[in-house]
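Lettering of chains follows the sequences in order, A, B, ..., and the numbering in each one begins at 1. Everything quoted here is computed from the prediction, not taken from an experiment.
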Amino acid sequence: MLDPRLLRSDPDQLQQGLAKRGISLDLASLQSLDEKRRHWQQEMERLQSERNAQAKKIGKAKAAGEDVAPLLAAVSDLGDRLDAAKASAAEAQDAFQDTWLGLPNIPQSDVPAGENESENVEIRRWGTPKTFDFDVEDHVTLGERDARHGMAMDFAAATKLTGSRFVVMRGQMARLHRALIQFMLDEHTLQHGYEEVYVPYMVNDDSLMGTGQLPKFSEDLFKLEGEKPYYLIPTAEVPVTNLLRGEIVAAEQLPIQYACHTPCFRSEAGSHGRDTRGMIRQHQFEKVELVQFVHPKKSDEALVSLTQHAENILQKLELPYRVMQLCGGDMGASAARTIDLEVWLPSQECYREISSCSNFEDYQARRMQARWRNPETGKPELLHTLNGSGLAIGRTLVALLENGQQADGRVVLPEVLRPYLGGQIEL
RNA sequence: GGAGGGGUGGCAGAGCGGUUGAAUGCACCGGUCUUGAAAACCGGCGUAGGCUAAUAACCUACCCAGGGUUCGAAUCCCUGCCCCUCCGCCA
């Protein structure tokens, strides 16, 4: 949520910022909603103040043993007037809130305008895509080929068990998948200073509201049937960021850095027909997520280091990638700035997203009321929140298989994984 | 699943339907005293919204959440959520 005061203090910044996302804001109607809301709030509070004064008077009169009948008569219609004002105030508040809560974050000043990913800007590349002197296979072919213990990567089995966009892995493939999780968590906790957390994989709607998935993007989520209205998490961002919902932390505790592995569940509504083959786009996938809560003045540098932490994983895994600055229209609604990491996939001969690192500034924190106490003012102030994938496990597995493939069908894995694979680095 | 108890400020813990945003203690901040510290004493000490030049004053709301009764609710009623104890079941 944006600061509602922005509407009065700097409407131009609001309008121009959202324009970068391709949103043309009807400033006049929004301002009128805001004025209505404040007008009715003032009217309601005026009546409440009157009621309090009268009630106090009655109390005193009664205590003094006086006749309160005339006083009661004087307030007879106050209740009705107050109820009417309350109703109008609530209505005006809802009308404003509906619109306001739906507004995405304002992109930072140097975020390029643009409608979709075609207008993202490449910042840099790392590594050189390998040239193969044989026809490369994609990860599906490579994964399904190992028939020693049945298929190592078995999409048909998953379809039988559940449906499309799921996978079953066996043997060394399942082990490699697990190894990647361990490796990444170890790197982030031991090398990058993150604290590991374990969290619920189901959350309530308050949490989804806090990070911005609700109320607008419910179609992307799996909602559970049952008496509790829980949702499967679409990313660890939701439970981990909400750890600080409604909290006020001490300045010395900052920055707070959490690393968390969870499965992620996404309905992928609206992406029918996209990436239907293989593990690129699944309803269920594993991810190691990095989440930071920082001093509001330090979130820009925090995004740089968080991105570097994700890049370090790719570099240690020897996977070529490029770094993309997302344009306004391609960023998630809550983000003020997003940097994507895209890994090279030989079978597709292109770079594909494997990590998305965002600075949300105070947008999520305001929704969640996640704050720190500023020693200079003694007052609670909003934190800045950030997160990034470090990395998406399924896509990392895909990248390793495809980039490590050999002419004879073997897959050679990077040296760093050896300790996690019982000394082996080959599939 | 069954039976009972409870949710008040950072913590502990009072609170008859009426001047209670809420006693008291602890913690915390400032001051006096002290060479310094401790102790003692004095003062301060919640959050959000509105109004405003103001992070001043003032107004409003908030004692788990949402409804209700009343001129007036932390206090009475209903619903929900959460916590605790006992029994059953269980990884």
Exercise. Does A:R337 come within less than 4.0 Å of A:D110, counting only side-chain N to carboxylate O?
Worked result: yes
Exercise. Can any side-chain N or O of A:D10 pair as donor or acceptor with the backbone N or O of A:Q13 at less than 3.5 Å?
Worked result: yes
Problem set entry | Whole-Å gap separating C1' (B:rG50) and NE2 (A:H39) | 13 Å
Exercise. Should A:T262 and A:Y198 count as side-chain neighbours, where that means a heavy-atom distance under 4.5 Å?
Worked result: no
For this session: Sort out for me which residue in A:R165, A:R274, A:R281 forms a salt bridge (Lys or Arg N to Asp or Glu O under 4.0 Å) with A:E268.
Result: A:R281
For this session: For A:R38 and for A:Q48, locate the closest nucleotide of RNA chain B by heavy-atom distance; then report the residue assigned to the nucleotide nearer the 5' terminus.
Result: A:R38
Problem set entry | Side-chain N,O (A:Q54) to OP1/OP2 (B:rG72) below 4.0 Å | no
Problem set entry | Side chain of A:R5 - closest among B:rC71, B:rG50, B:rU47 | B:rG50
For this session: Take A:G378 and A:G59, find for each the nucleotide of RNA chain B with the closest heavy atom, and name the residue whose nucleotide sits nearer the 5' end.
Result: A:G59
Exercise. Which base sits across from B:rC58 as a Watson-Crick or G-U pair, both distances under 3.5 Å?
Worked result: B:rG50
For this session: Give a yes/no on whether any side-chain N or O of A:T377 is located under 4.0 angstrom from OP1 or OP2 of B:rU55.
Result: no
Exercise. Are there more than 12 heavy atoms of other residues, nucleotides or ligands under 6.0 Å from atom CD of A:Q308?
Worked result: yes
Exercise. For the pair made of CG in A:L47 and P in B:rG50, what is the distance, rounded to whole Å?
Worked result: 19 Å
Seminar exercise, completed: Ranking B:rC51, B:rU19, B:rA61 by distance to the side chain of A:K60, first place goes to B:rU19
Exercise. Counting any heavy atom closer than 4.0 Å, what does A:K86 reach on the DNA or RNA strands: base, sugar-phosphate only, or nothing?
Worked result: nothing
Exercise. In terms of side-chain geometry, is the basic nitrogen of A:R46 or A:E43 positioned less than 4.0 Å from the acidic oxygen of its partner?
Worked result: yes
Exercise. When the distance from NZ of A:K379 to P of B:rC28 is rounded to whole Å, what number comes out?
Worked result: 20 Å
Problem set entry | Between B:rA61 and B:rU20 - P atom distance, rounded Å | 15 Å
Exercise. Which one is paired to B:rC41, where only Watson-Crick or G-U wobble pairs with both distances under 3.5 angstrom count?
Worked result: B:rG31
Exercise. Should the pair A:H188 and A:H192 be assigned to parallel (<30°), tilted (30 to 60°) or perpendicular (>60°) ring geometry?
Worked result: tilted
For this session: Quick one: which residue pairs count as a ring pair (Phe, Tyr, Trp, His ring centres under 6.0 Å) with a foot in residues 217-264 of chain A, not counting sequence neighbours?
Result: A:F222-A:H283
Exercise. How far, in whole Å, is B:rU60 from B:rA37 if one measures between their P atoms?
Worked result: 44 Å
Exercise. What is the nucleic acid contact for A:R8, judged by heavy atoms within less than 4.0 Å: base, sugar-phosphate only, or nothing?
Worked result: sugar-phosphate
Problem set entry | Phosphate-side-chain proximity, A:N52 and B:rU60, N/O vs OP1/OP2 below 4.0 Å | yes
Seminar exercise, completed: Checking B:rC59, B:rG49, B:rC71 against the side chain of A:R37 (C-beta onward), the nearest is B:rG49
For this session: Give A:R46 one of three labels, base, sugar-phosphate or nothing, depending on what nucleic acid heavy atoms sit under 4.0 Å from its own.
Result: nothing
Problem set entry | Among B:rU47, B:rC71, B:rU19, the one nearest A:K62 by side-chain distance | B:rC71
Exercise. How far, in whole Å, is B:rU75 from B:rG18 if one measures between their C1' atoms?
Worked result: 11 Å
For this session: Pull out every residue in residues 368-376 of chain A that has a heavy atom closer than 4.0 Å to any atom of RNA chain B, ordered by number, or say none.
Result: A:R371, A:R373
Problem set entry | Base-pairing assignment for B:rC26 (Watson-Crick or G-U wobble, both under 3.5 Å) | B:rG10
Problem set entry | Residue matched to B:rU20 through Watson-Crick or wobble contacts both under 3.5 angstrom | none
Exercise. Taking C-beta and beyond as the side chain, do A:L290 and A:Q257 meet within less than 4.5 Å on heavy atoms?
Worked result: no
Exercise. Considering only side-chain heavy atoms of A:S49, which listed nucleotide, B:rC51, B:rC59, B:rG49, is closest?
Worked result: B:rC59
Problem set entry | Watson-Crick or G-U wobble mate for B:rC86, both contacts under 3.5 Å | B:rG2
Exercise. Considering only the P atoms, how many Å lie between B:rG30 and B:rC83, rounded to the nearest integer?
Worked result: 39 Å
Exercise. When you check the phosphate oxygens OP1 and OP2 of B:rG17, does a side-chain N or O of A:K56 lie under 4.0 Å from one of them?
Worked result: no
